[in-house]
Amino acid sequence: MFFRTAWLVLRKDIAIEAKSFEVLTTTLFFAVACVLIFAFAFVKEGRPVEDAAAGILWIAIAFSGTLALGRTFERERYGETLRALLLAPAPRAALYVGKLLGMLALLAIAEALLAPMVALMFQAALFSRPLLLVGLLAGGTLGFCAVGTLFAAMLVRARSRDVLLPILLYPIIIPVIIAGVRGTAALLSTPPDDATAIMWLGILGAFDTVFLTLSLWTFEPLMTE
Amino acid sequence: MYLRRLLIALTSLMLCASPAFAVQTGVGQGGFVPVDSVPLADQLPAAPLLITAYAFVWIAVMVYLFSIWRRLNKVEADMRALAQKMPQR
Amino acid sequence: MKKAFGPLAALVGVMFVAAPFVVANAPYESTMGLVQKIFYFHVPSWFAMFTAIGICGVASLYHLFKNSPKADRLAEAAGELAVLFGLMGLVTGPLWGRKSWGVWWQWDAKLTIALLLEMTFISGILVRKYGGPGSDKLAAAVGIFGLAVTPFVYEAVNIWRTIHPLTSVVPTLSAAMAGPFWFCVSAFMLLLVVLLTLRVNLGARQAALDELYLAQED
């Protein structure tokens, strides 16, 4: 029942998205624009600043992720569909998991574009340890989306939600971003610093566990009016 | 009203405490401490930092108390205004 | 509680007046000298902040699951006080660092995450102010997540070796330093209790006012 509900919510989101690709295209475009803006800030005399690639990659992910969260839940609010979903006799946590999986899929697509782009444009050896990179990206994205989905869902019925989402989300999520950036930067050094990257991966795992548990636990009372 | 009295009392208490800072700098300029363990040159810039730190804590508490006092006054004023309006209906 | 409040407030005032004298009599730390005495206000302000965060987190949880306006007011008050004491820590810290590290601010793990914690609780105040109806639940979520991140802050210096003194310094204080230190800690804790009482009282009055407005509208 639980996983079926989550799967149905995910399938619903994909079906809506497949009609227009609105969130996907805008998010991807915004992510690319982010990278370009940071390129102007961090490239000096044709050479990128050391370690800048790691920071640029994660900032682009965080910014475009926030945008996607806002858009996805704005759509739910517009059609009053979130309220309808919450009225359904289904476990609330399953709704959360469904929305979370949708966000993860969206950001995974964005990262599949962003990572090679950053690696090419900043001559960064991001893919020297592909498995570690994927691990760091997955851990960071999971932590970001776990809190992001919860907060975006809560904010659906709040005033000035556009401003409040980044204000609430960033202070809590920055530790995750720091871990992602430092871990990725460790991969960029020559030779790649595996031990440091693995340590940061462990810290990301700890954050993910805490954030995911808390989100699943508090989603139900938070969404009750 | 009680809060205002508390505020005044705390301010005057703070003024009472200021001699301690004078004592502090006096010690810093070479009183009870063996000179070799605490070089004089190291201490001179330290005293203003120390006093700023302590003063900041005091000022922060004062400002916070004042903000509570102001908000409480506003609530009470609104309440009185409302109470006056009520019987007319 | 009401009867005890007056004497308690007076005690806190007296303790804070006595604190500079007590600290002035504490021995000098051998390497840092006079500036090390900021320690007696810096560390207790973090203790008070962590206590406020703990109260805020637990009250938020209670409000979230039991829907208790009383717990909500406690969480609101504790959240504000976490910001106040965090501000004290964030201001006294750089004053100390300026002398002993030579810079006002150092981007090390402890300082960075302490700043983040401060920002988290400021965002809690902002959401209460601008979130509109239902923002109490939002602020509760912020309080809970803030509490969840706190152990990471405390452990940060132990995980990454940084410039910041270890948190294990406190149990190893010499007796002559421990006395003034625990005196200051208890002064800060009592201050927290006094301010919390005042702030909760303000929240209760505001709630009473809102109720009056509602009664009038009917």
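Note that the coordinates shown come from a computational prediction; the quantities given were computed from them, not determined experimentally. Note on naming: letters A, B, ... go to the chains in the order of the sequence lines (proteins, then strands), and numbering restarts at 1 for each one.
The contact between L84(C) and chain B is made entirely by side chain atoms (from C-beta outward), counting heavy-atom distances below 4.5 Å. Proximity to chain B (any heavy atom under 4.5 Å) is shown, for F85(C), by neither the backbone nor the side chain. Interface residue A208(C): backbone and side-chain heavy atoms are both found under 4.5 Å from chain B.
Taking the six-membered ring for Trp and the full ring otherwise, Y54(B) and F41(C) have centroids separated by under 6.0 Å.
Under a 4.0 Å N-O distance rule, the pair R73(C)/D136(C) does not qualify as a salt bridge. A salt bridge links R71(B) to E80(C): at least one charged side-chain nitrogen sits closer than 4.0 Å to a carboxylate oxygen.
Nearest approach of S135(C) to V127(C), heavy atoms of both residues: CB-O, 3.3 Å.
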